[in-house]
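All values below come from the heavy atoms of this structure, side chains included, with hydrogens, waters and symmetry mates left out. Here the structure is a predicted model, which is why all the values come from computation and not from measurement. Each chain gets a letter, A, B and so on, in the order its sequence line appears, and its residues count up from 1.
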Amino acid sequence: MSLTLYNTLTRRKEPFRPIDPANVRMYVCGPTVYDYAHIGNARPVIVFDVLFRLLRHVFGETHVTYARNITDVDDKINARAAQEFPSLPLNEAIRQVTTKTETQFHADIAALGVLPPTHEPRATEFIRRDDNKVDMVRLIEDLVARGHAYVAQDHVLFDVASMPDYGRLANRSLEEMEAGARVDVAPYKRGAMDFVLWKPSKPGEPAWPSPAGIATPGRPGWHIECSAMAGALLGDVFDIHGGGIDLVFPHHENELAQSRCAHGTAVMANYWMHNGFLQVEGEKMSKSLGNFITIHELLETKTFGQQPWHGRVIKFAMLGTHYRQPIDWTVGRLVQARATLMDFADVVSAVSPADAPHADVIAALSDDLNTPSAISILHGIAKSAQRNAESAAQLKATLQFLGVYGEEKRGDFAVGVEARSVDAAQVESLIGARNAARKAKDFKEADRIRDELAAMGVQLKDAKDKTTGEIVTTWEVKG
RNA sequence: GGCCACGUGGCGGAGUGGUGACGCAGCGGACUGCAAAUCCGCGUACCCCGGUUCAAUUCCGGGCGUGGCCUCCA
């Protein structure tokens with residue numbers, strides 16, 4: 001089984017060769033915890049969950065280390081905290097915001113059917129450490145010592161000119177970036193593209209003792225946290241680094257620059273993977289357009305499509321598009337994903353899963369995570385499950401492997417449908433009456449009863465028992 | 001302005017230098033008293049214009065459209 005992944009660094013698909021097959025290491029940029037995670041945040045969570053599962057399948061469950069961070073130090077968090085808890089001291093208010101948001105994030109993504117990562121570090125835990133693991137302050141000291149960073153007005157700045165191939169990931173040169181810059185350059189910067197590693201804090205703001213001999217306490221810049229967490233948990237060089245495509249520049253470019261220059265390595269990660277962007281109903285998702293949609297709203301409210309949606313339906317809908325393609329998030333695609341999962345549930349809910357996922361699905365995923373192709377194969381397996389019990393077992397194992405199915409029944413996926421309360425005994429008795437009428441060839445009465453049941457929201461299905469030829473009537477409640 | 005993606009049938013969505021993945025919807029048939037459900041079958045789609053080629057949806061160039069990054073936004 002050969003695994004191929006598209007590498008943003010080289011802009012092509014490459015065979016995946018881990019540094020150490022006994023410990024495959026992946027880092028993915030996680031959320032900044034200041035507000036509900038939105039559906040765009042869900043995409044990398046879902047995509048890299050599938051990759052995590054695939055890697056575990058290929059290399060063994062205990063041979064993959066997956067780190068996804070929580071960013072809990074950020075100016076947006078500070079602003080939100082001051083706004084929401086004006087009466088609390090800022091640091092206390094920040095703790096309220098980050099704790100609440102992190103708890104919400106975990107609840108949201110648990111419903112999606114994703115595995116917890118091996119490590120979920122918080123940025124604040126890696127500013128300064130006393131256990132000899134890499135931390136942000138040490139990285140900054142190293143960068144200054146190696147001549148890649150300088151102190152100016154209580155800031156520490158990364159000197160972009162000190163790194164010959166800066167811009168390689170984003171595929172643009174320093175000259176291009178400087179020419180295109182639309183922001184005012186801070187006067188203390190040596191180069192226009194130099195970025196902040198550490199900045200001074202105002203009184204009352206979160207603050208830590210500064211590195212590089214700076215007297216004023218300060219706080220870290222945006223990119224350094226990931227360098228520290230990845231370095232501490234996965235090592236100076238690791239296998240896969242993932243995130244949304246919008247992070248390529250500046251976040252990943254800068255992160256990679258810091259890590260490489262601090263460690264003196266030629267790469268930070270061998271494979272850089274980026275998921276495509278998401279739109280909502282054909283438009284950019286934004287609060288001003290009123291189409292900003294959170295995972296929580298999708299799961300628990302009727303804001304999108306006038307109904308809530310099952311977490312696994314959300315995940316399955318997301319996997320219907322290849323991870324690098326742009327995706328237009330619509331009600332229609334959720335409806336379709338739900339219908340498919342319902343049909344699969346019918347095939348699979350009563351059988352025991354096979355020992356392993358279907359090899360063809362693994363092969364599809366091994367081609368740069370081709371989930372649409374994998375889903376197509378799923379349909380084929382479901383079809384052959386009509387007359388082959390082994391296929392049903394394989395389908396179940398494969399769906400569970402992907403985390404798009406657990407033990408749900410068809411109806412469980414229809415969380416949005418208002419289940420009209422029906423009296424099962426009454427329904428059964430009406431069905432009995434209808435069948436009696438049919439036997440007596442009183443079709444007028446039989447159809448009247450069927451209409452009556454339909455008015456109650458009960459849909460009948462007549463099927464012939466294969467062995468006895470007897471008509472068996474089943475029913476379900478329709479929304 | 002600079003850089004970069006994407007544009008496939010009614011819809012969603014893979015893929016490929018030469019026999020139309022797959023799903024939904026639709027159509028036809030079987031079954032049924034009639035339906036529903038189920039099963040079987042059915043589609044000459046690749047934004048436009050040039051070029052390369054025996055052959056292009058697939059490669060190259062140009063255009064148009066949509067979107068992203070260059071603003072701590074996945």
Side-chain angles (χ1 to χ4, degrees), chain A residues 8 11 28-32 34 37-48 71 73-77 167 170-173 175-184 193 195-196 199 220-225 242-251 253-254 274-279 282-286 317 319-328 330 332-340 343 346 364 367 370-380 382-383 386-387 437-439 441-444 446-447 450-451 453-454 459-464 471-476 478:
Chain A
T8 306
R11 284 163 208 273
V28 173
C29 290
T32 300
Y34 70 103
H38 55 71
I39 187 63
N41 296 308
R43 175 115 97 143
V45 170
I46 290 170
V47 163
F48 292 104
T71 296
V73 51
D74 182 282
D75 289 349
K76 286 197 300 289
I77 298 175
N171 193 31
R172 52 184 110 172
S173 70
E175 296 73 52
E176 279 170 8
M177 287 188 272
E178 284 169 3
R182 298 187 307 199
V183 273
D184 293 335
M193 298 310 292
F195 56 91
V196 169
K199 55 191 169 186
W222 175 34
H223 317 296
I224 194 72
E225 57 175 83
I245 195 163
D246 55 317
L247 292 182
V248 171
F249 194 89
H251 183 53
E253 189 71 55
N254 292 351
H274 295 96
N275 61 269
F277 225 68
L278 178 144
Q279 286 181 272
E283 287 184 306
K284 179 176 177 143
M285 178 168 68
S286 75
L319 297 179
T321 297
H322 183 83
Y323 77 93
R324 282 193 280 119
Q325 293 290 104
I327 186 169
D328 187 17
T330 61
R333 93 190 300 134
L334 283 167
V335 170
Q336 203 170 305
R338 185 177 62 191
T340 304
D343 287 348
D346 281 342
D367 178 16
N370 194 335
T371 51
S373 177
I375 289 170
S376 153
I377 292 159
L378 252 22
H379 284 291
K383 195 167 190 174
Q386 301 289 348
R387 41 187 80 80
R438 292 174 71 201
K439 269 207 175 105
K441 306 250 189 243
D442 184 355
F443 297 120
K444 205 174 160 194
D447 290 352
R450 185 168 66 201
D451 291 346
L453 283 165
Q459 174 69 61
L460 298 182
K461 294 178 193 174
D462 296 331
K464 232 180 212 170
I471 300 257
V472 184
T473 302
T474 56
W475 60 280
E476 68 176 271
K478 286 262 184 177

Where the side chain of A:Q386 is defined as all heavy atoms beyond and including C-beta, which of B:G68, B:G15, B:U38 is the nearest nucleotide? B:U38
Provide the distance between the two C1' atoms, one in B:C60 and one in B:G67, to the nearest whole Å. 24 Å
So, A:F277 and B:G68: ring centres less than 5.5 Å apart, planes less than 30° off, yes or no? no
For the backbone of A:D328 and the side chain of A:Q279, can you confirm whether one donor and one acceptor N or O come within less than 3.5 Å of each other? no
Nucleotide of B:G23, B:C22, B:A74 approaching A:T340 most closely (side-chain heavy atoms): B:G23
Would you say B:G13 has OP1 or OP2 under 4.0 Å from some side-chain N or O of A:R333? yes
The residue, A:W222 or A:I377, whose nearest nucleotide of RNA chain B is more 5′ is A:I377
So if I take every side-chain heavy atom of A:D75 and compare against B:C72, B:G12, B:U66, which nucleotide ends up nearest? B:C72
Assuming nearest nucleotide by heavy-atom distance, tell me which of A:V196 and A:N171 is located more 5' along RNA chain B. A:N171
Tell which nucleotide pairs with B:C3, taking only Watson-Crick or G-U wobble pairs whose two distances are both under 3.5 angstrom. B:G68
Which of B:A74, B:A36, B:C40 is nearest the side chain of A:K383? It is B:C40
Between B:G23 and B:G13, how far apart are the two C1' atoms, rounded to whole Å? 8 Å
Nearest listed nucleotide, side chain of A:R172, among B:C69, B:A14, B:A36: B:C69
Mind checking if A:K444 touches a base, just sugar-phosphate, or nothing, with heavy atoms under 4.0 Å? nothing
Give one of base, sugar-phosphate or nothing for A:G40, where a contact means two heavy atoms less than 4.0 Å apart. base
Would you mind classifying the nucleic acid contact of A:D328 as base, sugar-phosphate or nothing, using non-hydrogen atoms under 4.0 angstrom? nothing
For A:Q459 and B:A37, is the shortest distance between a side-chain N/O and OP1 or OP2 below 4.0 Å? no
So what does A:H322 hit on the nucleic acid, given a heavy-atom distance under 4.0 Å: a base, only sugar-phosphate, or nothing? sugar-phosphate
Can any side-chain N or O of A:R43 pair as donor or acceptor with the backbone N or O of A:N275 at less than 3.5 Å? no
Should the pair A:F195 and A:H223 be assigned to parallel (<30°), tilted (30 to 60°) or perpendicular (>60°) ring geometry? perpendicular
What integer distance in Å separates A:D451:CG from B:A35:C1'? 10 Å
Tell me if the side-chain of A:Q336 makes a donor-acceptor pair with the base of B:G23, cut-off 3.5 Å, by modelled atom types. yes
Need the pair for B:C22. Rule: Watson-Crick or G-U wobble, both distances under 3.5 Å, any strand; none if unpaired. B:G12
Looking only at side-chain atoms of A:K461, point me to the closest of B:A36, B:C6, B:G2. B:A36
Which whole number of Å gives the distance between the P atom of B:C22 and that of B:C39? 16 Å
For B:A45, the Watson-Crick or wobble partner whose two distances fall under 3.5 Å: none
Of the nucleotides B:G68, B:A74, B:A14, which has the atom closest to the A:Q325 side chain? B:A14
Pick base, sugar-phosphate or nothing for A:D74, based on heavy-atom distances below 4.0 Å to the nucleic acid. base
Integer-rounded Å distance: B:G12 P and A:L319 CG: 18 Å
Mind checking A:L460 for me? I need base, sugar-phosphate or nothing, with any heavy atom below 4.0 Å counting as a touch. base
Base, sugar-phosphate or nothing for A:R450? Non-hydrogen atoms, less than 4.0 Å. base
Checking contacts here: which listed nucleotide (B:C4, B:G12, B:C22) is nearest the side-chain heavy atoms of A:H379? B:C22
How far does the P atom of B:U57 sit from the matching atom of B:G50, given to the nearest Å? 13 Å
For B:U32, which nucleotide in any strand shown is its Watson-Crick or wobble partner with both distances under 3.5 Å? none
In whole angstrom, what separates A:L378's CG from B:C24's C1'? 16 Å
Any donor-acceptor pair under 3.5 Å linking the side chain of A:S376 with the backbone of A:P372? no
Please name the nucleotide paired to B:U57 by Watson-Crick or G-U wobble geometry with both distances under 3.5 Å, or report none. none
C1' spacing across the pair B:G12 / B:G26, given as an integer number of angstrom: 15 Å
Short side-chain N/O contact from A:T321 to OP1 or OP2 of B:G13, under 4.0 Å: yes
Short side-chain N/O contact from A:K284 to OP1 or OP2 of B:G67, under 4.0 Å: no
